[in-house]
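Here is how names work: the chains are called A, B, and so on, in the same order as the sequence lines, proteins then strands, and each is numbered from 1.
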Number of protein chains: 2
Amino acid sequence: MPEQSPGSRPTLEAVAARAGVSRATASRVVNGGDGVRKPLVDKVLKAVEELGYIPNHAARTLVTRRTGAVAVVIAEPETRFFSDPFFSQQIRGISKELTAHDTQLVLLLVEGPGDFDRIARYLAGGHVDGALAFSLHTDDPVPAITRRAGIPAVYGGRPSWTADPGDQAVPYVDADNRGGARLAVQYLRDLGRRRIAHIAGPADQTSAMDRLDGYRDVLLDVDPTLVADGAFTVESGARAMAELLERRPDLDAVFVANDLMASGALRVLRERGISVPEQVALVGFDDMDSVASETDPPLTTVGQEIEGQGRLMARLLLRALDRERTGSGDVPESVITPVTLVRRASA
Amino acid sequence: MPEQSPGSRPTLEAVAARAGVSRATASRVVNGGDGVRKPLVDKVLKAVEELGYIPNHAARTLVTRRTGAVAVVIAEPETRFFSDPFFSQQIRGISKELTAHDTQLVLLLVEGPGDFDRIARYLAGGHVDGALAFSLHTDDPVPAITRRAGIPAVYGGRPSWTADPGDQAVPYVDADNRGGARLAVQYLRDLGRRRIAHIAGPADQTSAMDRLDGYRDVLLDVDPTLVADGAFTVESGARAMAELLERRPDLDAVFVANDLMASGALRVLRERGISVPEQVALVGFDDMDSVASETDPPLTTVGQEIEGQGRLMARLLLRALDRERTGSGDVPESVITPVTLVRRASA
DNA sequence: CCCACCCCTGGGAGCGCTCTCAACGCTGTC
DNA sequence: GACAGCGTTGAGAGCGCTCCCAGGGGTGGG
């Protein structure tokens with residue numbers, strides 16, 4: 001690999017000259033070589049090799065109007081992105097899939113509510129071909145932004161559609177939250193538990209609401225004192241658990257809307273000397289790598305294929321881009337990924 | 001903001017026409033407006049507004065040879081990126097700083113040893129102006145790649161320079177690992193502990209070795225049975241702790257090279273009924289958000305400003321880019337960031 | 001009153017690439 | 001043997017922007 005003297009990379013022109021062909025033919029070879037006779041292909045490839053030619057991305061984008069990059073928009077303000085392995089895993093999945101299709105990943109972290117302007121400008125500026133977005137709250141402006149920017153998007157997690165029904169055209173990937181919740185609560189009931197409480201996630205996230213719905217599906221006519229609100233964080237889980245114990249000292253099981261909160265709840269139970277699962281059985285949600293199996297006792301939880309979800313998101317987006325380019329192919333549709341109950345020791 | 005009819009954004013030409021000026025003048029205004037008379041500036045801005053003009057990034061890059069983006073290369077294979085809030089926090093810091101300077105972040109996750117070719121091609125392809133890289137192992141090819149690509153780079157963590165002395169030109173940002181280790185061990189000794197063990201990180205990472213060196217600085221002539229090897233993961237910490245207890249049941253303190261391993265060690269101590277800090281005092285390293293304060297007992301640890309390190313990395317790189325552009329300015333130099341002992345309950 | 005100088009503006013070249021279109025040569029067929 | 005037809009190649013026109021350079025108009029000084 002020849003060292004590059006800064007500021008003067010070889011151009012296609014140079015490759016063509018060296019190979020004794022036209023720029024057009026050199027271009028064809030560089031882009032796959034279809035319709036070029038073998039000997040010429042070889043000559044061009046040799047020239048490419050010798051000169052250390054690397055296509056100029058900007059020039060290519062200028063004419064093709066494709067950037068070969070997609071944005072990943074993470075709108076989660078502050079804390080969650082830090083403590084939540086969830087995102088990292090999805091991103092890993094996304095990265096793998098994009099890489100396999102020679103597409104780059106531009107990370108857009110939203111730095112606060114005032115920052116959406118910047119995101120909007122960026123997405124509309126033709127820097128990327130499409131966008132993947134996460135964690136849409138009820139009033140999330142991301143759907144409107146991608147629509148206005150005229151680029152395809154795929155969401156991680158079902159968006160709430162109250163804002164604009166037009167956004168329903170955007171496909172999403174989400175775990176079967178409701179079904180998973182049903183699975184968990186059903187399991188607790190099959191264990192013979194009768195006073196099954198729930199620690200819910202934030203009301204502005206559909207995953208939290210779907211899990212609450214699933215809980216209600218099984219336990220028709222739930223006593224409201226059995227439901228406490230949390231915020232998907234360890235601390236909020238602990239608080240909610242304390243609150244529940246205060247209100248309903250008789251509870252014998254808790255279905256917690258995610259593992260992070262469950263680990264907080266577990267801590268409170270331990271502090272109060274309440275044995276798990278004997279006195280209170282606990283089921284979480286997510287089967288989060290570094291959490292669920294590390295708690296004491298290890299968490300029984302609803303597992304989902306997080307990295308797979310990331311891959312799937314990327315795949316849907318790539319398909320949409322392909323469709324845009326070729327003008328044909330099937331319209332990507334939303335996918336609900338299956339969940340499973342992972343039995344450990346807490347229930 | 002006018003909706004974009006797909007595929008036909010307004011060009012600078014259109015803006016110029018509408019404002020009744022030349023394309024050159026319109027360009028000047030869009031780029032700051034220096035040397036253009038006020039009334040014309042206003043006319044152009046009005047036209048920009050009305051047309052919803054957004055500059056075409058590819059065209060701009062093609063002529064300026066600047067992309068306004070930098071790559072963040074994460075060469076950590078597999079597990080660590082997941083479970084380690086360390087990276088997320090650094091990235092958050094980097095993102096903040098880059099955003100403040102209108103620079104985009106392209107995330108490059110290395111998907112295995114064979115993947116460096118792709119990274120090399122990307123960095124050399126003029127997609128980005130510079131690179132930030134993490135977690136350089138002894139045989140990490142990243143330094144060579146960025147050098148060959150002819151783009152400035154800044155490293156997170158001191159690289160090991162055995163491979164190529166030429167890489168020493170690359171600045172890095174690192175915590176004062178050795179000093180922090182000294183701080184921790186000194187503290188344990190001041191507490192009256194005499195048999196202070198160490199759980200070390202992987203030998204191919206300089207941070208781990210620096211922490212080991214700091215430990216040795218204080219405890220000259222260390223008995224080798226007091227040092228166990230870990231891999232910066234919870235599991236490896238647990239294993240190392242068990243090993244140490246086997247070898248040296250008389251130990252009365254452990255300095256652990258990071259919080260993740262310390263939490264694993266803590267678990268083992270708890271399982272064996274060894275009280276912390278009474279029987280064995282424990283000090284970690286990193287003061288990792290979601291770990292150090294969540295353990296039982298909360299971890300005394302060496303704290304570093306992780307997000308600040310990220311910011312600093314970005315700032316150094318931006319300075320290097322500026323220098324490249326203007327041809328002047330000071331050469332960025334490596335920075336060692338200070339650490340502090342965070343006293344909690346484990347020691 | 002003229003000229004030198006400066007500030008502002010426009011014309012135009014060209015960044016490196018893709019893609020259309022026409023030309024070319026070759027094969028196969030009647 | 002001529003011609004249709006196909007596969008292969010090259011010429012050239014941009015993609016949208018920046019930036020160099022020349023020209024025009026105004027100002028101030030001689």
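In this structure, the CG atom of B:Leu62 is 10 Å from the C1' atom of D:dT18, given to the nearest Å. Atom pair A:Arg65:CZ and D:dG14:C1' shows a separation of 11 Å (rounding to whole Å applied).
Remark: B:Thr103 engages no residue in a side chain to side chain donor-acceptor pair (under 3.5 Å) (not counting sequence neighbours). A:Arg18 pairs by the side chain to side chain contact (heavy atoms under 4.5 Å, CB included) definition with A:Ala47, A:Glu50, A:Leu51, not counting sequence neighbours. Remark: A:Thr11 pairs with A:Glu13, A:Ala14 by the side chain to side chain contact (heavy atoms under 4.5 Å, CB included) rule, at least two apart or across chains. When the side chain to side chain donor-acceptor pair (under 3.5 Å) test is applied to B:Asn56, no partner is found at least two apart in sequence or on another chain. By the side chain to side chain donor-acceptor pair (under 3.5 Å) test, A:Thr64 is found to be paired with no residue, residues two or more places apart in sequence or in another chain being considered. For the side chain to side chain contact (heavy atoms under 4.5 Å, CB included) test, residues two or more places apart in sequence or in another chain that qualify with B:Val48 are B:Val15, B:Val30, B:Val44, B:Tyr53. In this structure B:Arg28 satisfies the side chain to side chain contact (heavy atoms under 4.5 Å, CB included) test together with B:Ala24, B:Thr25, B:Val36, sequence neighbours excluded.
The residue among B:Gly20 and A:His57 whose nearest nucleotide of DNA chain C is located toward the 5' end is B:Gly20.
Applying the ring pair (Phe, Tyr, Trp, His ring centres under 6.0 Å) rule to pairs touching residues 107-132 of chain A yields A:Tyr122-A:His127, A:His127-B:His57, sequence neighbours excluded. The list of salt bridge (Lys or Arg N to Asp or Glu O under 4.0 Å) pairs with a residue in residues 36-45 of chain A, not counting sequence neighbours, reads A:Lys38-A:Asp42.
Listed for the A:Asp129 side chain is a donor-acceptor partner under 3.5 Å among the backbone atoms of A:Thr67.
Listed by residue number, B:Thr25, B:Arg28, B:Gly35, B:Val36, B:Arg37, B:Leu40 are the residues of residues 25-42 of chain B with a heavy-atom contact under 4.0 Å to DNA chain C.
Using five terminal pairs a side, the axes of the helix from C:dC1-D:dG30 to C:dC30-D:dG1 at its two ends make an angle of 50°, given in steps of 10 degrees.
When DNA chain C is scanned 5' to 3' for any atom under 4.0 Å from a heavy atom of chain B, the first and last hits are C:dC8 to C:dG16.
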